[in-house]
*Asks:* 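Next up is a structure, given as structure tokens.
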Amino acid sequence: MSKVITSKTAPDAIGPYSHGNVFGNLIFTSGQLPVCKEKGGIVDGGVVEQSYQSLVNLRSVIEAGGGDLNTVVKTTCYLANIGDFAAFNEVYAQFFKTECPARSCFAVKDLPMGALVEIEAIAYRK
């Protein structure tokens, strides 16, 4: 049976979905946009600032589900512009330093709210 994850620090969902779900020992997150809960919108700046905020939100959801960034086994990353790949990687490497999770990263036509990045993950609970 699955259990809904709700993070107190991640921004509220902008649609009919949860921050994530726990099923057994696995954590499945929804895609995390670069929305700042305090501001209520996309963070100012470009892909570097947006990547950072998306990863902060992702970490918050995973921690609310009983894991941490070290328990992430797979991420899927969406970029509005594949030309931002190198800059995105620099920020991503600040969060995943060693024994990095498997990852897919690709460009998409558009992301919600005009975001430049969205990140989702699968992790396990400690």
Side-chain angles (χ1 to χ4, degrees):
M1 179 142 222
S2 69
K3 177 185 171 206
V4 171
I5 300 169
T6 302
S7 168
K8 293 179 182 173
T9 57
D12 296 334
I14 59 171
Y17 59 88
S18 62
H19 285 147
N21 286 284
V22 171
F23 185 81
N25 285 330
L26 293 176
I27 301 165
F28 299 88
T29 75
S30 294
Q32 297 302 304
L33 292 168
V35 174
C36 175
K37 184 168 182 137
E38 292 80 35
K39 280 181 59 177
I42 300 285
V43 295
D44 293 332
V47 72
V48 169
E49 294 81 6
Q50 289 193 22
S51 298
Y52 186 86
Q53 185 65 53
S54 288
L55 287 159
V56 166
N57 294 344
L58 183 72
R59 178 177 59 203
S60 172
V61 173
I62 292 167
E63 288 174 353
D68 61 38
L69 290 181
N70 292 322
T71 68
V72 174
V73 294
K74 172 76 166 81
T75 62
T76 305
C77 309
Y78 307 93
L79 301 176
N81 182 347
I82 201 65
D84 290 334
F85 187 74
F88 169 77
N89 269 340
E90 287 183 29
V91 178
Y92 189 90
Q94 294 173 29
F95 288 79
F96 297 104
K97 298 178 181 171
T98 60
E99 298 186 27
C100 298
R103 181 181 89 177
S104 299
C105 184
F106 47 91
V108 295
K109 184 175 182 293
D110 292 308
L111 289 167
M113 301 175 70
L116 301 176
V117 62
E118 182 173 358
I119 307 166
E120 63 183 50
I122 300 170
Y124 61 89
R125 297 185 333 155
K126 299 191 243 180

*Asks:* Below 4.5 Å, heavy atoms only, C-beta onward: do N81 and L116 meet side chain to side chain?
*Replies:*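 Not touching, per the 4.5 Å side-chain cut-off.
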*Asks:* Of all the heavy-atom pairs spanning V22 and G65, show the shortest one and how long it is.
*Replies:*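 Smallest heavy-atom distance, with atoms named: CG2-O, 3.7 Å.
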*Asks:* Work out which heavy atom in L55 is nearest to a heavy atom in Y92; give both atom names and the distance.
*Replies:* CD1-CA, 3.8 Å
*Asks:* Could you walk me through whether Q50 and I42 satisfy the side-chain contact (heavy atoms from CB on, under 4.5 Å) test, starting with their C-alpha distance in whole Å, then the side-chain angles of each, then the deciding distance to 0.1 Å, before giving a yes or no?
*Replies:* CA-CA 8 Å; Q50 289 193 22; I42 300 285; 3.4 Å; yes
*Asks:* Between the main-chain N or O of D68 and the side-chain N or O of T71, is there a donor-acceptor pair closer than 3.5 Å?
*Replies:* yes
*Asks:* Compare every heavy atom of T29 with every heavy atom of A121, then report the nearest pair and how far apart it is.
*Replies:* N-OG1, 2.8 Å
*Asks:* Below 4.5 Å, heavy atoms only, C-beta onward: do K3 and N21 meet side chain to side chain?
*Replies:*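 Sidechains of N21 and K3: no contact.
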*Asks:* For the CD1 atom of I122 and the OG1 atom of T76, what is their distance to the nearest 0.5 Å?
*Replies:* 6.5 Å
*Asks:* Check whether any side-chain N or O of E90 sits under 3.5 Å from a backbone N or O of A87 as a donor-acceptor pair, and report yes or no.
*Replies:*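 Side chain of E90 to backbone of A87: no pair is present.
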*Asks:* Using the rule that Ile, Leu, Val, Met, Phe, Trp and Tyr join whenever any side-chain heavy atoms are under 4.5 Å apart, tell me whether V91 and I119 fall into a single cluster.
*Replies:* yes
*Asks:* Locate the shortest heavy-atom distance separating A115 from A80; write the atom from each residue and the value.
*Replies:*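 Here A115 and A80 meet closest at O-CB, 3.8 Å.
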*Asks:* What about F88 and Y78, same hydrophobic cluster or not, with Ile/Leu/Val/Met/Phe/Trp/Tyr joined at side-chain heavy-atom distances under 4.5 Å?
*Replies:* no
*Asks:* Mark yes when over 12 heavy atoms from residues, nucleotides or ligands other than F28 sit less than 6.0 Å from its CZ; otherwise mark no.
*Replies:*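 Check passes, neighbour count above 12.
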*Asks:* Any idea which heavy atoms bring V4 and S18 closest together, and the distance?
*Replies:*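 Where V4 meets S18 most closely, the heavy atoms are CG1-CB, 3.5 Å.
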*Asks:* Determine whether more than 12 heavy atoms belonging to other residues, nucleotides or ligands lie under 6.0 Å from atom CD of Q94.
*Replies:* yes
*Asks:* Would Y124 end up clustered with V72 when hydrophobic side chains under 4.5 Å apart are linked, directly or stepwise?
*Replies:* no
*Asks:* Quick one: pull up OG in S7 and CD in E63 and give me the separation to the nearest 0.5 Å.
*Replies:*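 S7 OG to E63 CD: 8.5 Å, rounded to 0.5 Å.
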*Asks:* Assigning hydrophobic clusters by single linkage (Ile, Leu, Val, Met, Phe, Trp, Tyr; side-chain heavy-atom cutoff under 4.5 Å), is L69 placed with V117?
*Replies:*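 Shared cluster, yes.
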*Asks:* How long is the span from the CG atom in D84 to the SG atom in C105, to the nearest 0.5 Å?
*Replies:*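 If I round to the nearest 0.5 Å, the distance is 10.0 Å.
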*Asks:* Using a 3.5 Å distance criterion without hydrogens, assess whether the side chain of N57 forms a donor-acceptor pair with backbone atoms of L33.
*Replies:*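 Yes, the answer is positive, given that a donor and an acceptor are paired below the 3.5 Å cut-off.
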*Asks:* Which residues satisfy the ring-ring contact (aromatic ring centres under 6.0 Å, His included) test with F23, sequence neighbours excluded?
*Replies:*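 Partners of F23 by the ring-ring contact (aromatic ring centres under 6.0 Å, His included) criterion come out as none, since no residue qualifies.
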*Asks:* Pairs in or reaching into residues 101-117: which pass side-chain hydrogen bond (donor to acceptor under 3.5 Å, both in side chains), with residues at least two apart or in two chains?
*Replies:*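 Passing the test, one end in residues 101-117: K74-S104, N89-R103.
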*Asks:* Distance-only, no hydrogens or angles: does the E120 side chain make a donor-acceptor pair with backbone N or O of E118 under 3.5 Å?
*Replies:* no
*Asks:* So if you build clusters from Ile, Leu, Val, Met, Phe, Trp, Tyr with side-chain heavy-atom gaps below 4.5 Å, do V61 and Y52 land together?
*Replies:*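 V61 and Y52: one cluster.
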*Asks:* Could you tell me whether the side chain of S60 and the main chain of V56 form a donor-acceptor pair under 3.5 Å?
*Replies:*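 Flag not set: sc S60 to bb V56 has no pair under 3.5 Å.
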*Asks:* Between H19 and Q32, which heavy-atom pair has the shortest distance, and what is it?
*Replies:* O-NE2, 3.9 Å
*Asks:* Would you give the length of the straight line joining atom CG of N70 to atom NZ of K126, rounded to the nearest 0.5 angstrom?
*Replies:* 7.5 Å
*Asks:* Rounded to the nearest 0.5 Å, what's the gap from OG on S51 to CG on L58? Could you check?
*Replies:*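 Going from the OG atom of S51 to the CG atom of L58 covers 12.0 Å.
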*Asks:* Quick check: do P112 and I14 have side-chain heavy atoms less than 4.5 Å from each other?
*Replies:* yes
